[in-house]
There are 4 protein chains.
Amino acid sequence: MISSAPQALKPRKRPQQRRASATVDAIFEATIQLLVKDGLSQLTTTRVAERAGVSVGTMYQYFPHKQALIYAVNERYLDRLAERVEATCREWQGNPAGDMVEALIDTYWHTKTEKPDVTRALYRSVVEMDNEALISAFAVRTDAAITAMLASASDNDGSDARSNTRTLVTVIFGAVRNSFERGHSGEVAEDLRRQLVIMCRAYLDRHGR
Amino acid sequence: MISSAPQALKPRKRPQQRRASATVDAIFEATIQLLVKDGLSQLTTTRVAERAGVSVGTMYQYFPHKQALIYAVNERYLDRLAERVEATCREWQGNPAGDMVEALIDTYWHTKTEKPDVTRALYRSVVEMDNEALISAFAVRTDAAITAMLASASDNDGSDARSNTRTLVTVIFGAVRNSFERGHSGEVAEDLRRQLVIMCRAYLDRHGR
Amino acid sequence: MISSAPQALKPRKRPQQRRASATVDAIFEATIQLLVKDGLSQLTTTRVAERAGVSVGTMYQYFPHKQALIYAVNERYLDRLAERVEATCREWQGNPAGDMVEALIDTYWHTKTEKPDVTRALYRSVVEMDNEALISAFAVRTDAAITAMLASASDNDGSDARSNTRTLVTVIFGAVRNSFERGHSGEVAEDLRRQLVIMCRAYLDRHGR
Amino acid sequence: MISSAPQALKPRKRPQQRRASATVDAIFEATIQLLVKDGLSQLTTTRVAERAGVSVGTMYQYFPHKQALIYAVNERYLDRLAERVEATCREWQGNPAGDMVEALIDTYWHTKTEKPDVTRALYRSVVEMDNEALISAFAVRTDAAITAMLASASDNDGSDARSNTRTLVTVIFGAVRNSFERGHSGEVAEDLRRQLVIMCRAYLDRHGR
DNA sequence: AATGAATGAGGCTTCATTCAT
DNA sequence: GATGAATGAAGCCTCATTCAT
């Protein structure tokens with residue numbers, strides 16, 4: 001769990017019955033759909049409830065306020081993303097660093113690209129102040145996984161792992177986001193991904209492997 | 001001017017007299033201050049006017065809606081940033097590509113870092129829907145400048161310039177933003193900048209120079 | 001029972017079994033505690049049920065609405081208060097009127113003072129519309145008892161009993177409440193009580209004894 | 001001014017133009033009417049604005065929240081009441097104490113009786129928590145005036161003025177309120193007022209004049 | 001008989017925008 | 001031109017009450 005969620009943003013109660021769990025899922029789904037369709041500024045509690053097919057009251061039984069809802073949606077999204085990154089990191093333990101990074105880029109890129117509109121919508125919604133806690137929790141988690149992976153590289157040369165990881169992570173995550181913001185797609189996006197791999201590999205090589 | 005601004009977002013009239021221009025500046029300044037202090041969601045027209053020392057009515061003389069204000073603030077900011085990038089590009093015409101990229105990173109990084117809170121605040125405020133036009137206009141403009149610069153590189157090898165530029169730009173701009181989001185500062189930020197230079201140089205080298 | 005309670009406010013069913021009665025008591029207790037802690041405006045049915053350790057559903061089994069609950073709590077309180085007043089009145093039958101009034105003041109004062117926060121909380125909660133019925137029922141009952149007592153005074157001079165009783169009752173009950181509102185306590189409250197006795201005795205004396 | 005109003009309850013801005021002042025008056029008037037008609041629990045900001053013939057927005061320009069409105073209404077009422085009490089106190093300086101008290105009772109009683117429904121409605125609305133500040137401010141002010149008056153009594157015998165004032169004030173104010181709560185009126189109320197005068201005079205006499 | 005999830009009307013409040021002065 | 005009081009739609013959220021389990 002990413003949740004080092006600030007108290008104020010915690011969900012009110014975890015869904016315990018099957019029905020409740022379905023309700024919460026419907027709320028999540030509705031939120032994402034609306035975020036995709038109209039953006040954060042048009043997202044109202046009423047509309048979310050309506051689309052989720054529940055009453056506002058019910059929604060407020062699970063989320064103490066709108067913020068908490070947005071927070072939870074992003075939390076779930078980042079949780080899944082982090083899981084995938086971690087899985088990739090585990091999978092590539094002991095391989096050459098270059099291959100690791102390529103795998104990492106692939107995983108991250110594909111996950112983000114699967115539902116590009118959702119990705120875009122959430123990128124935008126996270127901006128809201130307190131969600132920074134989320135971002136940093138995500139960073140901590142992925143950094144750890146990636147650092148561990150790189151440390152196990154078959155061609156590990158002992159150069160500054162902290163700095164390397166940070167650089168790679170910042171570049172990869174940053175580039176992907178920027179690519180989304182610029183609306184790259186299809187050929188262009190694909191080329192960029194390849195170039196990113198080349199660039200990261202070059203970086204690792206240059207660094208003395 | 002970056003403006004391929006959607007008609008609706010254009011300021012109602014361009015400030016032409018000295019006094020008017022001073023008013024607009026005060027409004028810009030007030031907006032940025034409030035954005036830094038409380039974020040977009042707390043930004044109200046009344047508060048901006050108050051802090052700018054003008055009446056709401058007057059403010060509406062210059063900006064037909066709140067959106068237009070936010071838009072204009074970001075436009076101005078991106079304009080200046082683009083100018084700096086262009087200047088750097090002009091300045092380094094004909095030099096080795098590696099030096100060009102290093103200069104580019106320096107310029108971009110320093111401009112963003114000068115007033116980190118303003119940078120952060122604006123990064124957040126751009127999220128608003130229609131501002132995408134801005135971002136893409138900025139992209140077009142900087143891409144052109146950078147492409148031109150790279151084309152003049154003393155060690156230009158004729159490899160795909162479009163793709164290279166796109167990659168470098170996306171990586172650099174993306175990494176900087178991500179670094180901001182992660183709250184890097186001081187030593188860490190400085191190291192990242194150096195690594196970014198190394199990475200980009202490695203990329204260019206690998207590409208057949 | 002005081003109840004000339006408007007039909008709508010009557011509890012749905014009178015608690016008859018031991019367990020039910022315990023439930024009702026728990027609900028009363030919870031209500032009073034919350035009234036004391038947060039006041040009427042913060043009192044919600046959910047909170048009462050929670051604190052009483054029953055479900056809302058159960059609570060609604062005993063009280064058809066929130067009003068009925070508030071009503072019942074006050075009814076019980078006033079019932080007990082009236083009982084004490086009546087007991088005092090019975091006890092002092094046939095004594096000098098001055099002593100009667102002193103005893104009455106003592107009883108009333110002490111009962112109110114025993115749990116000052118409860119008293120205060122209930123004074124506040126009675127404000128609700130329909131509870132006026134309660135107040136007047138209480139008035140009728142105590143007036144009767146006091147009138148009867150005074151009629152039996154050993155120094156009864158036959159002066160207008162109705163008027164005398166009314167005056168004494170209004171003054172005593174009113175003064176006590178006012179004293180509460182002003183937040184008198186300790187020394188001050190004690191002095192006031194003594195003065196009140198003096199005043200009432202003076203009134204009776206002056207009236208031709 | 002009674003206002004030692006807790007910051008949170010202060011009006012947002014004092015009406016400065018003629019029009020604004022009329023607006024505020026209309027709001028006051030509307031509030032009182034609704035309080036009389038339906039009681040505090042039915043008082044909604046929308047209804048007040050509607051009846052006052054202004055928009056909610058306007059109302060909120062003068063009162064930061066509902067509480068502040070209720071507060072202000074009571075403040076104004078108590079201000080006027082206090083003024084009358086003070087006037088009476090000034091007027092009767094140097095007279096016999098018994099006459100003073102009779103005058104005081106008359107003033108207080110008549111003021112309260114002028115618009116009995118308003119009196120009753122406000123008695124009820126003051127109960128709301130934070131308005132206690134008001135009550136105590138009123139108490140301080142009237143206590144001072146009455147103490148000063150009694151000190152000037154032509155038959156002042158130097159007995160404990162603090163205690164005497166407190167007793168008289170608590171009894172008079174308390175009895176009047178209680179009388180309202182019991183719904184006395186006409187003959188009954190008039191008799192009570194006379195009896196109250198008799199009682200207070202008796203109290204003063206007994207005390208050694 | 002008890003439970004507590006679900007409901008949804010309706011309350012409070014904000015704030016972009018207008019327009020009479 | 002500038003002002004800022006007034007507007008009112010619309011957002012967020014609560015809570016008394018119901019009813020399927």
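Each chain gets a letter, A, B and so on, in the order the sequences are listed, and its residues count up from 1.
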For this session: Kindly write out the residues that satisfy salt bridge (charged side-chain N to carboxylate O under 4.0 Å, His left out) with A/Arg51, not counting sequence neighbours, or none if the list is empty.
Result: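 Partners of A/Arg51 by the salt bridge (charged side-chain N to carboxylate O under 4.0 Å, His left out) criterion come out as none, since no residue qualifies.
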
Exercise. Could you give the CZ-to-P distance, from D/Phe63 to F/dA6, as a whole number of Å?
Worked result: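 The answer, rounded to whole Å, is 12 Å.
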
Exercise. Do B/Tyr60 and B/Thr45 come within less than 4.5 Å of each other through their side chains, counting heavy atoms only?
Worked result: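 Yes, at least one pair of side-chain atoms sits under 4.5 Å.
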
Exercise. Mind checking whether B/Leu43 and B/Ile70 have side chains closer than 4.5 Å, heavy atoms only?
Worked result: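 Counting from C-beta outward, B/Leu43 and B/Ile70 do come under 4.5 Å.
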
Problem set entry | Nucleotide-level pairing of DNA chain E, given in dot-bracket where Watson-Crick and G-U pairs need both distances under 3.5 Å and | marks other strands | .||||||||||||||||||||

Exercise. Rounded to whole angstroms, how far apart are CD on D/Glu50 and P on E/dG10?
Worked result: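 Interatomic distance, CD of D/Glu50 to P of E/dG10: 14 Å.
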
Exercise. Nearest-Å distance, CE (C/Met59) to P (F/dC15)?
Worked result: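 Going from C/Met59 (CE) to F/dC15 (P), I get 14 Å.
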
Problem set entry | Integer-rounded Å distance: E/dT14 P and D/Gln61 CD |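 Distance check: D/Gln61 CD to E/dT14 P gives 12 Å.
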
Exercise. Who pairs with B/Ser55 by side-chain hydrogen bond (donor to acceptor under 3.5 Å, both in side chains), at least two apart in sequence or on another chain?
Worked result: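 B/Ser55 satisfies side-chain hydrogen bond (donor to acceptor under 3.5 Å, both in side chains) with B/Thr58 once adjacent residues are dropped.
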
Problem set entry | Between E/dA6 (C1') and A/Ile27 (CD1): distance, integer Å |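 A/Ile27 atom CD1 is separated from E/dA6 atom C1' by 11 Å.
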
Problem set entry | Spacing of B/Leu34 atom CG relative to E/dC15 atom P, expressed in whole Å |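 So the CG-P distance, B/Leu34 to E/dC15, works out to 12 Å.
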
For this session: Report yes if some heavy atom in the side chain of C/Tyr77 is under 4.5 Å from a heavy atom in the side chain of C/Thr119; otherwise report no.
Result: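 They are in contact (side-chain heavy atoms under 4.5 Å apart), so the answer is yes.
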
For this session: Find out whether C/Leu40 and C/Arg124 are in side-chain contact, i.e. whether some heavy atom of one side chain is under 4.5 Å from a heavy atom of the other.
Result: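 Counting from C-beta outward, C/Leu40 and C/Arg124 never come under 4.5 Å.
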
Problem set entry | C/Arg76: partners by salt bridge (charged side-chain N to carboxylate O under 4.0 Å, His left out), with sequence neighbours left out |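 C/Arg76 satisfies salt bridge (charged side-chain N to carboxylate O under 4.0 Å, His left out) with C/Asp25 once adjacent residues are dropped.
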
I'd like a table of atom pairs between the protein and nucleotides 8-12 of chain F - only N or O on both sides, under 3.5 Å - with the distance next to each one.
from: F/dG8; atom 1: N7; to: D/Gly57; atom 2: N; distance (Å): 3.4
from: F/dC12; atom 1: OP1; to: A/Lys66; atom 2: NZ; distance (Å): 2.8
from: F/dC12; atom 1: OP2; to: A/Thr45; atom 2: N; distance (Å): 2.9
from: F/dC12; atom 1: OP2; to: A/Thr45; atom 2: OG1; distance (Å): 3.1

Exercise. Mind checking what makes side chain to side chain contact (heavy atoms under 4.5 Å, CB included) contact with D/Glu29, not counting sequence neighbours?
Worked result: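 Counting only residues at least two positions away or on another chain, D/Glu29 forms a side chain to side chain contact (heavy atoms under 4.5 Å, CB included) with D/Gln33.
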
Exercise. For C/Leu69 and F/dC15, what is the distance between atoms CG and P respectively, to the nearest whole Å?
Worked result: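 Computing the C/Leu69:CG to F/dC15:P distance gives 15 Å.
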
